[in-house]
Amino acid sequence: MDSCVIPLRHGGLSLVQTTDFFYPLVEDPYMMGRIACANVLSDLYAMGITECDNMLMLLSVSQKMNEKERDQVMPLMMKGFRDAAEEAGTLVTGGQTVINPWIIVGGVASVVCQPNDFIMPDSAIPGDVLVLTKPLGTQVAVNAHRWLDIPEKWNKIKLVISREEVEQAYQEAMLNMATLNRTAAALMHKFNAHAATDVTGFGIIGHARNLAQQQKNDVAFVIHNLPIISKMAAISKAGGSLSGLLQGTSSETSGGLLICLPREQAARFCAEMKSSRGGLSGAMGQDGGAGDGQQAWIIGIVEKGSRCARIIDKPRIIEVPYRGSMVSTQEGSNNNASPPEVQLT
């Protein structure tokens with residue numbers, strides 16, 4: 001599971017806890033701190049838990065950094081982590097810092113829960129639909145941004161995307177990765193979610209298969225639609241599909257929740273996600289107006305099967321437009337366009 005659930009000796013309570021860490025993948029240390037914190041908390045949110053009692057920060061300072069670099073970069077990374085924790089309604093009360101060849105950032109999230117505070121990820125039934133709460137393509141966007149300075153890589157993709165679009169996609173990916181999945185976690189209870197997981201390093205199909213294997217019922221997950229950050233599918237094709245994006249194996253960082261919902265509840269779930277005001281833009285002081293929320297998409301179905309998952313041969317690619325730049329200077333804009341209608345084919 002995404003988090004461990006440990007029954008406590010007192011009063012029918014459980015300790016739910018998770019940990020995660022990784023290496024920096026974006027250039028902005030403040031945003032990297034936010035992304036790391038959001039990634040840790042996602043494991044709680046995947047179980048429908050909306051509160052966190054305590055966080056610890058795990059930080060590795062690179063021995064290759066000089067004193068000036070360290071004093072500039074690490075405080076920004078720590079501030080980003082703390083700000084995201086504060087947005088989540090919790091505090092960072094401690095942690096561990098070490099010297100290492102590489103920068104590493106991550107943490108631990110803990111909460112004491114009553115049984116109705118969390119949703120075990122094992123109750124999907126045939127007839128449910130699959131909903132995804134963030135677009136795919138974050139790793140492709142980050143890689144494309146790096147390729148701007150590597151001529152042999154850039155030459156492979158420059159016919160399908162401009163430098164400006166690469167920058168926009170990179171900003172979009174940063175914004176998505178730094179956005180908490182807390183709103184989706186709360187709506188899981190309202191709309192009777194049967195199971196969920198967060199989409200990270202194993203890609204959409206890897207995490208779908210893992211979730212399917214945990215189900216009590218004999219079910220299979222079939223993915224028909226892939227919401228992808230605009231132009232990232234074209235980059236994946238131009239690069240020889242090495243990323244595995246269209247096959248569902250491309251790694252994501254701090255991705256969305258993949259949720260099994262009753263069919264009759266899914267459209268309302270997506271509508272409430274869009275109308276919510278819990279997105280990162282609001283937390284960072286951006287006023288996007290009414291309905292400044294997150295998109296969510298119905299991407300597949302749950303049918304009777306042998307606890308497996310697959311993507312159909314020709315999935316529908318949903319090009320998710322850029323909402324505008326969002327950087328640590330807190331300058332940007334948002335597009336409040338309605339999410340595209342998604343039909344299962």
Check against side-chain contact (heavy atoms from CB on, under 4.5 Å), Q215 and V302:
CA-CA 11 Å; Q215 301 311 301; V302 179; over 6 Å; no

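- One N or O on the side chain of E165 and one on the backbone of S162 form a donor-acceptor pair closer than 3.5 Å.
- The main-chain N or O of P321 is never found under 3.5 Å from a side-chain atom of S230 such that the two would form a donor-acceptor pair.
- Atom NE2 of H194 is separated from atom CD of Q265 by 9.0 Å, given to the nearest 0.5 angstrom.
- A donor-acceptor pair under 3.5 Å is formed between the side chain of H207 and the backbone N or O of T200.
- The nearest pair of heavy atoms linking R323 to N176 is NH2-OD1, 2.5 Å.
- Within the 3.5 Å criterion, the main-chain N or O of P151 finds a donor-acceptor partner in the side chain of N155.
- In this structure, R82 and M57 have side chains that are in contact, with non-hydrogen atoms separated by less than 4.5 Å.
- Taking the side chain as every heavy atom from C-beta outward, Q17 and V108 approach each other to under 4.5 Å.
- To the nearest 0.5 Å, the span separating OG on S254 from CG on N39 amounts to 5.0 Å.
- Side-chain contact between L226 and W297 is absent, with no heavy-atom pair separated by less than 4.5 Å.
- Screening residues 61-75 for side-chain hydrogen bond (donor to acceptor under 3.5 Å, both in side chains), with sequence neighbours left out, gives no hits.
- Separating the CG atom in L136 from the OG atom in S251 is a distance of 11.5 Å, to the nearest 0.5 Å.
- Of the charged side-chain nitrogens involved, none lies within less than 4.0 Å of a carboxylate oxygen, so that K134 and E252 do not count as a salt-bridged pair.
- Between V98 and I104, the closest side-chain pair of non-hydrogen atoms is not below 4.5 Å.
- Note: F221 CZ to R310 CZ = 13.5 Å, rounded to the nearest 0.5 Å.
- Using modelled atom types, no side-chain atom of D117 and backbone atom of I49 make a donor-acceptor pair closer than 3.5 Å.
- A donor-acceptor contact shorter than 3.5 Å is absent between the side chain of S236 and the backbone of M232.
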Yes or no on side-chain contact (heavy atoms from CB on, under 4.5 Å) for L91 and M55, after CA distance, side-chain angles and deciding distance?
CA-CA 6 Å; L91 294 173; M55 292 197 77; over 6 Å; no

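- Looking only at distances, no side-chain donor or acceptor of Q294 sits under 3.5 Å from a matching main-chain atom of K274.
- Heavy-atom minimum distance, P24 versus M77: CG-CE, 4.4 Å.
- Contact check for V160 versus K231: no side-chain heavy atoms found under the 4.5 Å cut-off.
- Residues M188 and G48 share a closest heavy-atom pair of CE-N, 3.7 Å.
- Heavy atoms only, all atoms of each residue included: L8 and V112 are closest at CD1-CG1, 4.0 Å.
- Note on V92: it does not cluster hydrophobically with F21, by side-chain heavy-atom contacts below 4.5 Å among ILVMFWY residues.
- Of the possible donor and acceptor atoms, none in the side chain of S110 sits under 3.5 Å from a partner among the backbone N and O of D53.
- C270 has its side chain within reach of I298: a pair of non-hydrogen atoms, C-beta onward, lies under 4.5 Å apart.
- Without hydrogens or angle criteria, D149 side chain to W154 main chain gives no donor-acceptor distance under 3.5 Å.
- In this structure, F81 and L59 have side chains that are not in contact, with every pair of non-hydrogen atoms separated by 4.5 Å or more.
- Relative orientation of the H145 and Y170 rings is parallel, given thresholds of 30° and 60° on the angle between their planes.
- With sequence neighbours excluded, the residues that form a salt bridge (Lys or Arg N to Asp or Glu O under 4.0 Å) with E51 are R182.
- Partner of L130 under the side-chain contact (heavy atoms from CB on, under 4.5 Å) criterion, chosen from I301, L211, I299: I299.
- The two atoms that bring R34 and G80 nearest to each other are CG-O, 3.2 Å, heavy atoms only.
- To the nearest 0.5 Å, the span separating CD1 on I259 from CG on D198 amounts to 10.5 Å.
- Proximity of I125 to D128: side-chain heavy atoms (C-beta onward) are separated by under 4.5 Å at one or more points.
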Would M47 and V5 count as a side-chain contact (heavy atoms from CB on, under 4.5 Å) here? Give the steps.
CA-CA 10 Å; M47 298 189 69; V5 180; 3.7 Å; yes

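- Here I228 contributes atom CD1 and T138 contributes atom OG1; the two are 11.0 Å apart, rounded to the nearest 0.5 Å.
- When all heavy atoms are compared, the tightest approach of L44 to A109 is CD1-CB, 3.8 Å.
- A 6.0 Å sphere centred on CZ of F22 holds more than 12 heavy atoms belonging to other residues, nucleotides or ligands.
- Using a 4.0 Å cut-off between charged side-chain N and carboxylate O, D218 and R307 make a salt bridge.
- Judged by distance alone, the side chain of T50 and the main-chain N or O of A186 form no donor-acceptor pair under 3.5 Å.
- A donor-acceptor pair shorter than 3.5 Å can be found between the side chains of T197 and D2.
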Checking side-chain contact (heavy atoms from CB on, under 4.5 Å) for the pair S3/F118: CA distance, chi angles, key distance, verdict?
CA-CA 11 Å; S3 302; F118 58 89; over 6 Å; no

